[in-house]
Trainee: 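Structure below; questions to follow.
Quantities reported herein were computed from a predicted structural model and do not represent experimental measurements.
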Amino acid sequence: CAHALTGYLQSWTLDDLEAQVQGASTPVLAIVGEFDPGSTVAVMEQMVLPMFPDSRCELLTGVGHYAMREDPESLVLSVEGFIRSVVSPS
C-alpha cells in the first residue's frame with residue numbers, strides 16, 4: 001500500500017499532465033466538493049480547466065473530497081447532466 005501511495009504522489013508531482021493532454025478536445029467536467037480544502041473551484045479554474053478547452057467546473061454542496069461516499073446521488077446527477085449536455089447540447 002505504501003508503494004502505491006508513493007507512486008501516486010510521484011505521478012501527481014512529476015508527470016507533466018499539461019503536455020499529455022495538449023490538444024485534447026474531449027469535454028471535461030471537474031467536480032469539487034464544497035468542503036474539500038484542496039480541490040476547490042478556484043484551483044480547478046486556475047490549474048485544470050485551462051488545459052481543456054471544452055471544460056467546466058461544478059460545485060457539489062454539502063460534501064468534501066469523497067462525494068461518491070458522502071452524496072453519491074448528487075454526484076451521479078451531476079455526471080448524468082454533464083453527459084446529457086455533451087450528447088445533446090441545447
Side-chain angles (χ1 to χ4, degrees):
C1 192
H3 180 69
L5 179 59
T6 300
Y8 166 77
L9 293 174
Q10 287 175 341
S11 174
W12 184 254
T13 57
L14 301 176
D15 290 354
D16 187 357
L17 177 64
E18 190 169 2
Q20 293 176 29
V21 300
Q22 187 174 13
S25 60
T26 304
V28 171
L29 173 63
I31 301 174
V32 298
E34 176 183 17
F35 302 120
D36 187 337
S39 298
T40 63
V41 171
V43 168
M44 294 299 124
E45 289 176 344
Q46 293 171 8
M47 305 200 62
V48 176
L49 300 186
M51 290 188 274
F52 302 94
D54 188 7
S55 63
R56 66 180 186 231
C57 184
E58 188 169 319
L59 178 71
L60 288 184
T61 58
V63 301
H65 190 74
Y66 298 101
M68 68 290 270
R69 290 183 155 257
E70 299 168 70
D71 190 353
E73 184 177 352
S74 290
L75 178 62
V76 168
L77 290 173
S78 177
V79 171
E80 286 178 340
F82 175 70
I83 292 170
R84 271 194 298 281
S85 75
V86 170
V87 173
S88 302
S90 47

Trainee: Kindly indicate, with the supporting measurements, whether the criterion side chain to side chain contact (heavy atoms under 4.5 Å, CB included) is fulfilled by L29 and S78.
Mentor: CA-CA 9 Å; L29 173 63; S78 177; 3.9 Å; yes
Trainee: Step through the shown structure and confirm whether more than 12 heavy atoms of other residues, nucleotides or ligands are within 6.0 Å of CD on E73.
Mentor: no
Trainee: Got a sec: does the CD of E34 have more than 12 other heavy atoms crowding it under 6.0 Å?
Mentor: yes
Trainee: Looking only at atom types and distance, does a side-chain atom of E58 sit under 3.5 Å from a main-chain N or O of I31, one as donor and one as acceptor?
Mentor: no
Trainee: Can you confirm whether Q22 is buried at CD, in the sense that more than 12 heavy atoms of other residues, nucleotides or ligands lie under 6.0 Å from that atom?
Mentor: no
Trainee: How close do P37 and T40 get, heavy atom to heavy atom, and via which atoms?
Mentor: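 Where P37 meets T40 most closely, the heavy atoms are O-CG2, 3.7 Å.
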Trainee: For the residue pair P53 and A24, what are the closest heavy atoms and their distance?
Mentor: CD-O, 3.4 Å
Trainee: Does the pair L49 and C57 meet the rule for a side chain to side chain contact (heavy atoms under 4.5 Å, CB included), with working shown?
Mentor: CA-CA 8 Å; L49 300 186; C57 184; 3.9 Å; yes
Trainee: Can you see which heavy atom on S85 is nearest to which on R56, and at what distance?
Mentor: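 For S85 and R56, the tightest heavy-atom pair comes out as OG-NH2, 3.1 Å.
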Trainee: Can you tell me if D36 uses its side chain to pair, donor with acceptor, with the backbone of G38 under 3.5 Å?
Mentor: yes
Trainee: Transitively linked via ILVMFWY side-chain contacts under 4.5 Å: Y66 with L60?
Mentor: yes
Trainee: Donor-acceptor check, side chain of S74 to backbone of D71, threshold 3.5 angstrom: yes or no?
Mentor: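 No, the answer is negative, given that no donor and acceptor are paired below the 3.5 Å cut-off.
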Trainee: Please round to the nearest 0.5 Å and tell me the distance separating atom CG of D15 and atom CD of Q20.
Mentor: 5.5 Å
Trainee: How close do S25 and D54 get, counting heavy atoms only, and between which atoms?
Mentor: O-CB, 4.3 Å
Trainee: What about V79 and L77, same hydrophobic cluster or not, with Ile/Leu/Val/Met/Phe/Trp/Tyr joined at side-chain heavy-atom distances under 4.5 Å?
Mentor: no
Trainee: Considering all heavy atoms of both residues, which atom of M44 and which atom of P50 are nearest to each other, and what is their separation?
Mentor: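 What the structure gives for the nearest pair is O-CD, 4.0 Å.
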Trainee: If hydrophobic clusters are built by linking Ile, Leu, Val, Met, Phe, Trp and Tyr wherever their side-chain heavy atoms come under 4.5 Å apart, do L59 and V28 end up in the same one?
Mentor: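 Yes, L59 connects to V28 through the hydrophobic network.
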Trainee: Count I, L, V, M, F, W, Y as connected when their side-chain heavy atoms are under 4.5 Å apart, and connections chain through other members. Are F82 and V32 then in the same cluster?
Mentor: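 Hydrophobic grouping puts F82 apart from V32.
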Trainee: Identify the heavy atoms of G62 and F35 that sit nearest to each other, and give their distance.
Mentor: CA-CE1, 3.6 Å
Trainee: I'd like to know if F52 and V41 are part of one continuous hydrophobic network [Ile/Leu/Val/Met/Phe/Trp/Tyr, side-chain heavy atoms within less than 4.5 Å].
Mentor: yes
